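What follows is a single structure, written as structure tokens, with notes after it.
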Amino acid sequence: MQQIILVISAIVLGLGFGRLTGGLAFSSAVCLVAGVFLITPSLFKFQLADFAMIPKQLPAIWRNLWINYLLLAAVALIIGWLSRDIGIAGALLLLALLPGGGMVMMWIKSSGANARLGFIIFMLNLALLLPITLLFGGFFSLAEGWFPAPELLPAGVSDAARQIKPFAPFMILIVIPFLLSRLARGYLPRLIEITERHQPLISKATMFGIVFYLFSLSTSQLLFAVSLQSVLVALLATAVFYAVVFAAARLLTPETPEGRAVYWHVATRYITLALILAVFSIDLYGPTFILPVMMAYFIQIGAAATLSRRMLARA
């Protein structure tokens, strides 16, 4: 409940600030903030030697890959096509291609899952960010003829956005956090201790700041121009997508510590990262592009605690 209140407050305050000021211009520095404060702390305990467990865990790792990048990606494309809105379709595909998230390790640890395996899967999914952004970067040109043209943006708004350049997110969100974590492990053990002690507060503060900033951008003010029909279509499409996500997590992962590690990487999406990447492409997809990502916050955060309790009850 606290997380839902936090996100709602950040969205409302961000939209209100943007409405009053005309909106902020986008800066890629927000990616650096996400990398340093959300991803770097999760890498402190990572050791390269942990990759030695991969051969023994190949069934679980393969399950994570085919459910997320084949099954859920296909589901997102089908639901997106049925919506007849290329913005909604693109957003659902982006969510499908970004499993896990900044909070996934917390849910893994709190549900009796194999935390080491969960972290290996987390790292592998992050490492796939480069091919994912390359794949997503070509989606619009392939899908353009299958959908009506997206709504036009007001003059000047598209100047704040741009297409995703895949190497920049990969460097900022993967390479730099990894190097920082190695520096901290070698020379700043006290910093690691302080960070781990206050990690929940750091994660919540960072998430609030990022969500507030992204919704205060000039591009986010497009939400006020979206028709009620588009909002309802986006809500239905996102709800159906998450219903399939939760069903796949429940039915396709075994009731074992290893299965639970995969479960959380299926049941959750990296929605903060999706929102950051969405800003890069909103000029292509139109104002409806941001709707499913925004709605994902409420659905996923609201469901995570219930899913965790049910998993512990079954265990």
Side-chain angles (χ1 to χ4, degrees), residues 1 3-4 7 38-39 42-43 45-46 50-51 53-76 79 92-129 132 199-200 203 207 238-274 292-293 295-315:
M1 181 59 69
Q3 293 175 356
I4 296 177
V7 170
L38 290 181
I39 296 177
S42 66
L43 301 179
K45 292 184 178 180
F46 175 72
D50 289 340
F51 279 121
M53 72 183 296
I54 289 180
K56 296 181 180 179
Q57 299 293 348
L58 281 178
I61 292 171
W62 168 241
R63 184 176 287 109
N64 163 74
L65 293 176
W66 76 260
I67 293 176
N68 281 309
Y69 300 107
L70 294 178
L71 175 63
L72 294 185
V75 168
I79 297 174
L92 292 179
L93 178 61
L94 186 60
L95 287 170
L97 294 174
L98 294 172
M103 304 294 289
V104 70
M105 289 307 299
M106 182 190 76
W107 297 118
I108 285 174
K109 292 176 182 177
S110 66
S111 60
N114 185 327
R116 290 183 65 202
L117 174 61
F119 189 74
I120 290 295
I121 295 175
F122 176 77
M123 284 294 297
L124 290 175
N125 287 338
L126 279 181
L128 289 172
L129 182 61
I132 283 170
Q199 185 56 41
S203 296
M207 183 172 66
T238 309
V240 172
F241 171 73
Y242 265 98
V244 176
V245 165
F246 296 149
R250 175 69 180 91
L251 299 174
L252 301 178
T253 58
E255 289 288 348
T256 63
E258 291 71 30
R260 293 188 197 110
V262 178
Y263 175 96
W264 285 109
H265 284 285
V266 174
T268 58
R269 308 285 102 193
Y270 210 149
I271 45 181
T272 301
L273 179 55
V293 183
M295 294 167 179
Y297 272 100
F298 302 102
I299 297 173
Q300 180 169 301
I301 294 175
T306 301
L307 295 174
S308 180
R309 286 195 299 269
R310 289 180 179 176
M311 178 175 288
L312 287 174
R314 291 195 302 269

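In this text, all values refer to a predicted model and were calculated from it rather than measured experimentally. FYI, side chains are in, hydrogens and waters are out, and symmetry mates aren't considered; it's all heavy atoms of this structure.
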Test side-chain contact (heavy atoms from CB on, under 4.5 Å), reference Pro99, set Asn125, Val266, Ile67, output is Asn125
Dump the intermediate steps for side chain to side chain contact (heavy atoms under 4.5 Å, CB included) on Phe241 and Met295, then the final yes or no. CA-CA 11 Å; Phe241 171 73; Met295 294 167 179; over 6 Å; no
Positive for side-chain contact (heavy atoms from CB on, under 4.5 Å) with Phe122, one of Ile108, Leu117, Val104: Val104
Quick check: closest heavy atoms across Leu71 and Ala248, and the distance to 0.1 Å? CD2-CB, 4.3 Å
Evaluate the side chain to side chain contact (heavy atoms under 4.5 Å, CB included) criterion for residues Leu124 and Asn64: first the C-alpha distance (whole Å), next the side-chain angles of each, then the deciding distance (0.1 Å), finally the verdict. CA-CA 10 Å; Leu124 290 175; Asn64 163 74; 5.7 Å; no
Shortest non-hydrogen contact from Tyr242 to Ala296? OH-CB, 3.5 Å
What pair of heavy atoms forms the shortest contact from Ala267 to Phe246, and how long is it? O-CE2, 3.3 Å
What are the two closest non-hydrogen atoms of Leu97 and Ile132, and how far apart are they? O-CD1, 2.9 Å
Answer yes or no: is there an ion pair linking Glu258 with Arg116, defined by an N-O contact shorter than 4.0 Å? no
Which value, rounded to the nearest 0.5 Å, describes the distance between Leu128 atom CG and Asn68 atom CG? 10.0 Å
Mark yes or no for whether Arg63, through its side chain, and Leu252, through its backbone, hold a donor-acceptor pair below 3.5 Å. yes
Closest non-hydrogen atoms of Leu92 and Ala76, given as atom of the first, atom of the second and distance, are O-CB, 3.5 Å
